[in-house]
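Heads up, the thing below is written out as structure tokens.
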Amino acid sequence: MNVTRAMGAAMRRIHVGNALSAFGLGFTVPYLYVYVAQVRGLGAMTAGLVLAVFAVAALIVLPFAGRAIVRRGPLPVLLAALVTAALGALGLGLAASAWSVLPAAAVLGAGQAVMQPALATMIVDCSSADTRSRAFAMQFFLQNLGLGIGGLIGGHLVDTTRVSSFTLLFAIEAAMFLLLVAVMATVRMPRSPRLEDAPATSKGSWKQLVGNRAMVQLCVLGFVIFFACYGQFESGLSAYGVEAAGISTSTLGTALAANTLMIVVAQFAVLRFVERARRTRVIALVGLVWAVAWLAAGYAGLGHGSQEMATAAFVSTYALFGLGEAMLSPTVAPLVADLAPEGMAGQYNSAFALVKQLALAIGPAVGGPLAASLHAPYIVTFVLFSLGITYLALRLGRRLTPVQNQPWQARASRVVSRGGAPAEAVSAEA
């Protein structure tokens, strides 16, 4: 019972940490491009490079983050990432030239990237197989709530005619990260396996991960999910809405609000269904929901209805994406954890975060130009990608053990839902 209370107390602090970090990011992320390009007068090229640096920094640090989490534990890695992100945020607030903006963006991007797998691993260590889905659902809920509130407050604080307003914004973000350091430093993590005696190189653990066919298939599925949804939100889909559907910028804001509102409303409504269903079937259903979302976007831009109907269809697209996201949050992240061998959750979380960053980097580069010029091919392409999610999810289901796909069936056993089981299932099929 003491262990249970300790885990519950740690989980509450972890959720507070997720909310605070998302709140801090919401302050600055929506306004970063405007800050660099217009407020600092560095131009669109430098602003684009800043956004690219975020992605590159994440891709560089994530392979090392996984090994650090495995060897040192997620909490020390998280604290280091938070201090790093705070320094990057302060640097961005004070930077006045391209030579100071780009390094600061790299530092902030690296810190942000490492937070994700560290927090995810802490959730794994403080949960059991039957509570993990609910814990990740709460994490996703608080992240979206924090981002939305942070963006709303930040929008009222900034003034594009005053550099000082943006400096204040980045200072508040840095303060949020440092406050989070103080909160998380008090967390007492339950004891979990550490590879203290593992060799310094991470080649062995990466080879072990690549040898887990179920994890490889999940990474491929994850790439398609992030490429076809998250990678299109702020680039391809918005460009398509403006160019093909005649959507105004205010309507884009409404669509994003509909997405967040759907997540907030639907997250716990769908959780009971998700917890009892097979995980891969839930993911497959998300693919079908998103296919309908893309068809609605197609109607908005390619149909012959009124502008009001086009606007309603476009907003519905974002809302349907939010429904799918609410179904994925208690499904995909816990599955990554349950596929990891004991003590390797940090490595697996970092690998999946790396896949996510790749998809988020490639998605806008592909979707943006396609959406702006080839409207019908853009919609057809992503309807097919959504159906591909359904296919890949059902295919993954054949490689998982029953406990990995339906963890509620074995609440009494955490071990059988982690680690070696998938390898045995794979070898049996092979």
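Taking CD of Q267 as the start and CG of L145 as the end, the distance is 11.5 Å to the nearest 0.5 Å.
Here the side chains of V286 and T331 are not in contact, with every heavy-atom distance at 4.5 Å or above. Between V264 and F141 the shortest side-chain heavy-atom distance falls below 4.5 Å. Inter-residue side-chain proximity for L335 and V332 is flagged as unmet; no heavy-atom pair is nearer than 4.5 Å. Two residues are said to be in side-chain contact when any heavy atoms from C-beta on lie closer than 4.5 Å; Y35 and L169 fail this criterion. Proximity of M138 to L142: side-chain heavy atoms (C-beta onward) are separated by under 4.5 Å at one or more points. Between Y240 and I379 there is a side-chain heavy-atom pair separated by less than 4.5 Å. The shortest distance between side-chain heavy atoms of N349 and V124 falls below 4.5 Å. Inter-residue side-chain proximity for I225 and I283 is flagged as met; some heavy-atom pair is nearer than 4.5 Å.
Aromatic ring centres of F382 and Y378: separated by under 6.0 Å.
Relative ring orientation between W294 and F321 is described as perpendicular, the plane-to-plane angle rising above 60° on a 0-90° scale split at 30° and 60°.
With sequence neighbours left out, the ring-ring contact (aromatic ring centres under 6.0 Å, His included) criterion links F136 to no other residue. F314 is linked by a ring-ring contact (aromatic ring centres under 6.0 Å, His included) to Y318, counting only residues two or more places apart in sequence or in another chain.
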Could you go through the side-chain contact (heavy atoms from CB on, under 4.5 Å) check for L178 and L82 one step at a time? CA-CA 7 Å; L178 294 177; L82 288 169; over 6 Å; no
Please determine whether side-chain contact (heavy atoms from CB on, under 4.5 Å) holds for the pair Q112 and F54, giving the CA-CA distance in whole Å, both sets of side-chain angles, and the decisive distance to 0.1 Å. CA-CA 9 Å; Q112 289 178 3; F54 268 92; 3.7 Å; yes
V224 and Y391: side-chain contact (heavy atoms from CB on, under 4.5 Å), yes or no, with the steps?
CA-CA 11 Å; V224 177; Y391 168 75; over 6 Å; no
With side-chain contact (heavy atoms from CB on, under 4.5 Å) as the criterion, how do K356 and Q116 come out once you've worked through the C-alpha distance, each side chain's angles and the decisive distance to 0.1 Å? CA-CA 11 Å; K356 176 181 178 179; Q116 299 177 35; 3.8 Å; yes
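Of all the heavy atoms in V383 and L295, the pair that sits closest is CG2-CD2, 4.0 Å. Scanning both residues, V355 and G222, for their nearest heavy atoms gives CG1-C, 4.2 Å. The minimum heavy-atom distance between S133 and P334, with the atom names listed, is CA-CG, 3.9 Å. The shortest heavy-atom contact between Q232 and A228 is CG-O, 3.8 Å.
For the pair S350 (side chain) and Q347 (backbone), a donor-acceptor distance under 3.5 Å is absent. In this structure, the side chain of Q404 engages the main chain of T401 through a donor-acceptor pair within 3.5 Å.
In the model, S164 has a side-chain atom that pairs as donor or acceptor with a side-chain atom of R162 under 3.5 Å.
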